[in-house]
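Naming: A, B, ... by sequence-line order, numbering from 1 per chain.
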Protein chains: 2
Amino acid sequence: MARLPLYLRALTALAERGVATVSSDELAETAGVNSAKLRKDLSYLGSYGTRGVGYEVEFLQHQISREIGLTQDWPVLIVGIGNLGHALSNYGGFASRGFRIAALVDADPQRTGEEVAGLKVRHSDDLDDVVKEFNIAIAVIATPAHAAQAVCDRLVDLGITSILNFAPAVVQVPEGVDLRKVDLSTELQILAYHEQRKNGAALALTAEQAVELAKAVGG
Amino acid sequence: MARLPLYLRALTALAERGVATVSSDELAETAGVNSAKLRKDLSYLGSYGTRGVGYEVEFLQHQISREIGLTQDWPVLIVGIGNLGHALSNYGGFASRGFRIAALVDADPQRTGEEVAGLKVRHSDDLDDVVKEFNIAIAVIATPAHAAQAVCDRLVDLGITSILNFAPAVVQVPEGVDLRKVDLSTELQILAYHEQRKNGAALALTAEQAVELAKAVGG
DNA sequence: GGGCACTTGTGAAGCCATGCACAAAGTTGC
DNA sequence: GCAACTTTGTGCATGGCTTCACAAGTGCCC
Ligand SMILES: NC(=O)c1ccc[n+]([C@@H]2O[C@H](COP(=O)([O-])OP(=O)(O)OC[C@H]3O[C@@H](n4cnc5c(N)ncnc54)[C@H](O)[C@@H]3O)[C@@H](O)[C@H]2O)c1
Ligand SMILES: NC(=O)c1ccc[n+]([C@@H]2O[C@H](COP(=O)([O-])OP(=O)(O)OC[C@H]3O[C@@H](n4cnc5c(N)ncnc54)[C@H](O)[C@@H]3O)[C@@H](O)[C@H]2O)c1
């Protein structure tokens, strides 16, 4: 489930505050979800709670980590070391969650050899070698949109089956490959949509229904 | 609907290729969704298609833009000009979609006055003025997780009702405020989860069901 | 002007996630 | 040990989203 990481984060926060056990109600509130939903989710992993008491924070933390697969080290490759690629490379928040930025790749010869976050940027031509050398399992695409599909195809050819795409493009992958996308423009657009509804409700009504209104009145 | 931006992007791609009209089947494939779903989504906006022909690309593009509210200019504020804040500030992809990075704010006096992407970084203390001065409607939180809730509360107090949060923290907002979050660690964790299922199916089975198996056999 | 091919718009069925509500299970206090 | 209280795990109903399938509408060709 996609909510496990959320629970994990809530548990980590609780653990840092020194809480030893937590009820589903409390945990649900911390994570911002319904408590029944949380219990049902957790029951999928097994019966890790104690009736009358709740869940042991550290134990549950470990169980969820294991379920997600965070007990192992995941070497991550970033393709496209521009604005975003740099930010991602320098971000410390991944390492603490079991993800290790293992290699950086860019098509621009100018960038090749540049050192970012302690790693030398490799050239795209070496992609094959890089993937093998670092045993890459997860790749991040941070190239311009027009290059995304081509880059993705190459990654898939090299046997990578988990890809996170930041480029604002619809990228197709074959069966068996997981592609997730992070799309900031879309997020902003959704916000704008709601914002418009809130502020300009009356305005929107006028604009949208003007024609209908005109028809109804005039015809 | 959250899919409108996706359709809009697909339409833009088609328009660039010079396509004048498109059927729901084609558009659905370009956007990577089911065609019936697409038609139903579009029918919410009104009857913008022509039976037997399809949809007029440019016209539909305009209609969706208007629906989302992209025909107007949205001044965006970014709070927290670190790694990520810099990348976002320098990103050109927002402007082309009607979003204008209007102001940057950081709590660090060292950063105040620094010029990023043509804008002077302002100090958090001036948040009130900045929001009023630039008529901010949408804010982006790119501060460390521990500051996110406090920053968010201040933004809400200043009347901002649309917030995009990048900090890996559960942030609570009152009714009427839209908070969306972009969570890279979660995305990676979901990928890792599936990756584990794929590669280590046999392994996971052994580990998970060992206890059950032991019980069944031994008891 | 009529038939044919094509495509939209939508009724209806199916599916999945959500959340309520409660029994089962466990704990605490005496 | 027993009763009262707490909290989990889950059966079940509800609601929304997705998808199928088709009637209704439109353009094209003759
Ligand atoms: N910067 C942001 O804040 C931001 C926000 C949202 C989305 N995005 C998206 O993320 C992507 C990257 O953004 P950016 O601002 O870093 O862009 P950028 O132009 O700064 O960097 C892109 C990098 O990709 C490299 N590249 C191009 N083609 C390549 C290829 N075929 N193989 C490998 N590398 C290649 C380029 O050399 C460049 O270094 C873009 O698609 C952008 O739309 C960025
Ligand atoms: N860098 C990435 O690629 C990345 C990826 C995923 C998530 N994130 C998250 O995004 C956030 C920012 O990441 P970053 O790498 O830019 O961190 P950073 O430490 O480089 O930058 C954070 C900035 O926020 C400022 N700040 C701190 N408290 C503030 C406050 N109360 N008001 C205003 N500004 C304040 C700091 O001065 C600093 O400039 C973090 O929460 C991080 O977990 C970053």
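Close approach of DNA chain C to chain A, defined as any atom under 4.0 Å from a non-hydrogen atom of the protein, starts and stops at C:dT18 to C:dT27.
The residue B:S47 sits close only to the backbone: its heavy atoms come under 4.0 Å of sugar-phosphate atoms, none of a base. In this structure, A:Y44 reaches neither bases nor backbone, as no heavy-atom distance under 4.0 Å exists between it and the strands shown.
In terms of phosphate contacts, A:Y48 brings no side-chain nitrogen or oxygen within less than 4.0 Å of OP1 or OP2 of D:dT7. Between D:dT7 and A:S24, no contact under 4.0 Å exists linking OP1 or OP2 to a side-chain N or O. Between B:R3 and D:dT18 there is a side-chain N or O to OP1 or OP2 distance below 4.0 Å.
Checking B:S162 against A:E195 by side-chain atom types alone, a donor-acceptor pair falls below 3.5 Å. Under 3.5 Å, the side chains of B:R39 and B:S24 contain a donor-acceptor pair of N or O atoms. Side-chain atoms of A:Q189 and A:T186 include no donor-acceptor pair closer than 3.5 Å.
Distance alone, capped at 3.5 Å, places no donor-acceptor pair between the B:R197 side chain and the B:Y193 backbone. When atom types are taken as modelled, the side chain of B:H62 and the backbone of B:E58 share no donor-acceptor pair closer than 3.5 angstrom.
Each of A:T50 and A:K40 was assigned the nucleotide of DNA chain C with the nearest heavy atom; the assignment lying further toward the 5' end belongs to A:K40.
Taking the ring centroids of B:Y48 and B:Y55, they lie at or beyond the 6.0 Å cut-off.
Distances from the side chain of B:A36 to the nucleotides D:dA21, D:dG9, D:dG25 place D:dA21 closest.
To the nearest angstrom, P of D:dA21 lies 17 Å from NZ of B:K37. Between the CZ atom of B:R51 and the C1' atom of D:dG27 there is a distance of 14 Å, rounded to whole Å. As rounded to whole Å, 13 Å separates atom C1' of D:dT7 from atom CG of A:L42. Remark: P of D:dT7 and CG of A:L38 are 14 Å apart, rounded to the nearest angstrom. Here D:dG11 presents its P atom at 14 Å from CZ of A:R39, a figure rounded to the nearest Å.
Annotation: side chain of B:T12 is not in contact with side chain of B:Y7 (no heavy-atom distance under 4.5 Å).
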